[in-house]
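Here is the structure we will look at, set down as structure tokens.
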Amino acid sequence: MGSSARLIVQEYKSRITDKQFAIRRREEGVMSHTSLLALLYNKGALVYSDLQATAYERHRASSRETKVYSISDDGIVLAGTGAISGIKYVAEKARILLQVWKSRNDGRLVPPQEAGDLISGIVDSNPGLDSAFLMGGYDHDRDRPLIASIDDGCIMQSNLFESLGSGSLYVYPRGEVLSRKVLSRLPQEKRERVVVSQDIYDALDQLEFPLETALPLGLDAIASGPQCDVFSGGEGFQVMRVDRGGVAEYILSKENAQKALAILHAQEYAAVLPRKKGEKQKGKKQKVEKDALPGLEGLMEIFEKCRRR
């Protein structure tokens, strides 16, 4: 008989509690200096982060800090904001507890919901953690991705996206616009049924939102954090992709991110340009020639070059 996440957390409570995080440091919550974004697409989930780390509340400690961790080969990734020490501590303990869960459950693939409960247990056991988290995972039992925020010991299913960190003030509105655009592609009768978070998950297979579209649009949203938030930035962006096949990581420098966004923005602008005089108008949609968009074919090539293998 298998063990649940709650039982494992209770059994390992003394091993996942650290003295440095034993006492709550402040009442007002996590001092969060970063930009995080989690995004669902048809067959998986993407988790984005900037690369800047802040120390002593207002000073940049690093401009090359990764903040998204693969914590299970089954397809579970964890992104943190706040104190880097707390983020690394939770990621390390989560890896251990996930291995325990698998050993107690006959090697089953870990469901994201159980992983979220394990992470929540670690956070609850260390009230002094000055960190907050986003999680992305793939539920192999239900054959669908999942994203969630973990805060005060709670795991919550999110919208088509979720953002976190001080840059969230700017990232969230971009995510909301992106979500509405994607959902607008549903037939009206189906779109009207998408009201609560569960409806988003039920509609995933019907959305016209493949990886090739989600990757650059998610980058466009997360990039608004460093553009506007003084505590976000660094030398580029980190992206973790989770799908049925596992986890893939992309590290984009500022230069490569700017190249990808330039191509994306050129495509978007060309799509809304008015037709030129003399063009035939027979009720058919105008097609933009490939040559009119320099570098169109190179958009995914940029991401593939930045993929870590």
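Numbers for residues simply follow the sequence, beginning at 1.
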Between [X] and [Y], does any side-chain N to carboxylate O distance fall below 4.0 Å?
X	Y	result
Asp143	Arg244	yes
Lys181	Glu208	no
Arg144	Asp202	yes

Self-check item: Connected hydrophobic set around Leu169, excluding itself, where side chains approach under 4.5 Å
Solution: Tyr170
Please tabulate, one pair per line, all N/O donor-acceptor pairs under 3.5 Å involving side-chain atoms of residues 37-44, not counting sequence neighbours.
from  : atom 1 : to     : atom 2 : distance (Å)
Asn42 : OD1    : Phe209 : N      : 3.0
Asn42 : ND2    : Leu204 : O      : 2.9
Asn42 : ND2    : Leu207 : O      : 2.5

Quiz prompt | Any Thr34 side-chain heavy atom under 4.5 Å of Ser49 side chain | solution = yes
Exercise. Could you check if a side-chain atom of Leu215 sits within less than 4.5 angstrom of a side-chain atom of Leu217, using non-hydrogen atoms only?
Key: no
Distance-only check: which donor-acceptor pairs under 3.5 Å involve side-chain atoms of residues 69-78, not counting sequence neighbours?
from  : atom 1 : to     : atom 2 : distance (Å)
Tyr69 : OH     : Thr66  : O      : 3.4
Ser72 : OG     : Asp74  : N      : 3.1
Asp74 : OD1    : Lys102 : NZ     : 3.1
Asp74 : OD2    : Lys102 : NZ     : 3.3
Asp74 : OD2    : Val110 : N      : 3.1

Quiz prompt | Distance-only side-chain donor-acceptor flag, Thr81 / Lys67, under 3.5 Å | solution = no
Quiz item: Where do Ser35 and Asp50 land on the side chain to side chain donor-acceptor pair (under 3.5 Å) test, with the steps shown first?
Solution: CA-CA 6 Å; Ser35 293; Asp50 68 337; 4.7 Å; no
Could you state the interatomic distance from [atom1] ([X]) to [atom2] ([Y]), rounded to the nearest 0.5 Å?
X	Y	atom1	atom2	value
Leu46	Ile222	CG	CD1	11.5 Å
Gln157	Glu162	CD	CD	11.5 Å
Glu189	Arg193	CD	CZ	10.0 Å
Gln10	Ser125	CD	OG	8.0 Å
Ile122	Asp117	CD1	CG	11.5 Å
Leu299	Glu212	CG	CD	10.0 Å

Quiz item: Taking the six-membered ring where the residue is Trp, are the ring centres of Tyr48 and Phe237 under 6.0 Å apart?
Solution: no
Quiz prompt | Any pair counted as ring pair (Phe, Tyr, Trp, His ring centres under 6.0 Å), so long as it reaches residues 94-132, sequence neighbours left out | solution = none
Apply salt bridge (Lys or Arg N to Asp or Glu O under 4.0 Å) to [X] and list each qualifying residue two or more places apart in sequence or on a separate chain.
X	value
Arg180	Glu176
Arg108	Asp141
Glu249	none

Under the side-chain contact (heavy atoms from CB on, under 4.5 Å) test, which residues partner [X], sequence neighbours left out?
X	answer
Gln227	Ala223, Ser224
Arg307	Arg241, Ala248, Tyr250, Glu304, Arg309
Arg6	Ser4

Minimal non-hydrogen separation, [X] against [Y], with atom names:
X	Y	answer
Phe303	Leu252	CE2-CD2, 3.9 Å
Ser131	Ala83	OG-O, 2.9 Å
Ser120	Ile150	OG-CG2, 3.6 Å

Practice problem: Apply the test side chain to side chain contact (heavy atoms under 4.5 Å, CB included) to residues Val242 and Val47: give CA-CA distance (whole Å), side-chain angles for both, the deciding distance (0.1 Å), then the verdict. | Solution: CA-CA 8 Å; Val242 184; Val47 180; 5.6 Å; no
Practice problem: Inspect the surroundings of CZ in Arg191 and state if more than 12 heavy atoms from other residues, nucleotides or ligands are less than 6.0 Å away. | Solution: yes
Quiz prompt | With sequence neighbours excluded, residues passing side-chain hydrogen bond (donor to acceptor under 3.5 Å, both in side chains) with Arg174 | solution = Asp220
Quiz item: What residues, two or more places apart in sequence or in another chain, satisfy side-chain hydrogen bond (donor to acceptor under 3.5 Å, both in side chains) together with Glu192?
Solution: Gln188
Quiz item: For Ser179, does its backbone N or O pair with a side-chain atom of Asn159 as donor and acceptor, under 3.5 Å?
Solution: no
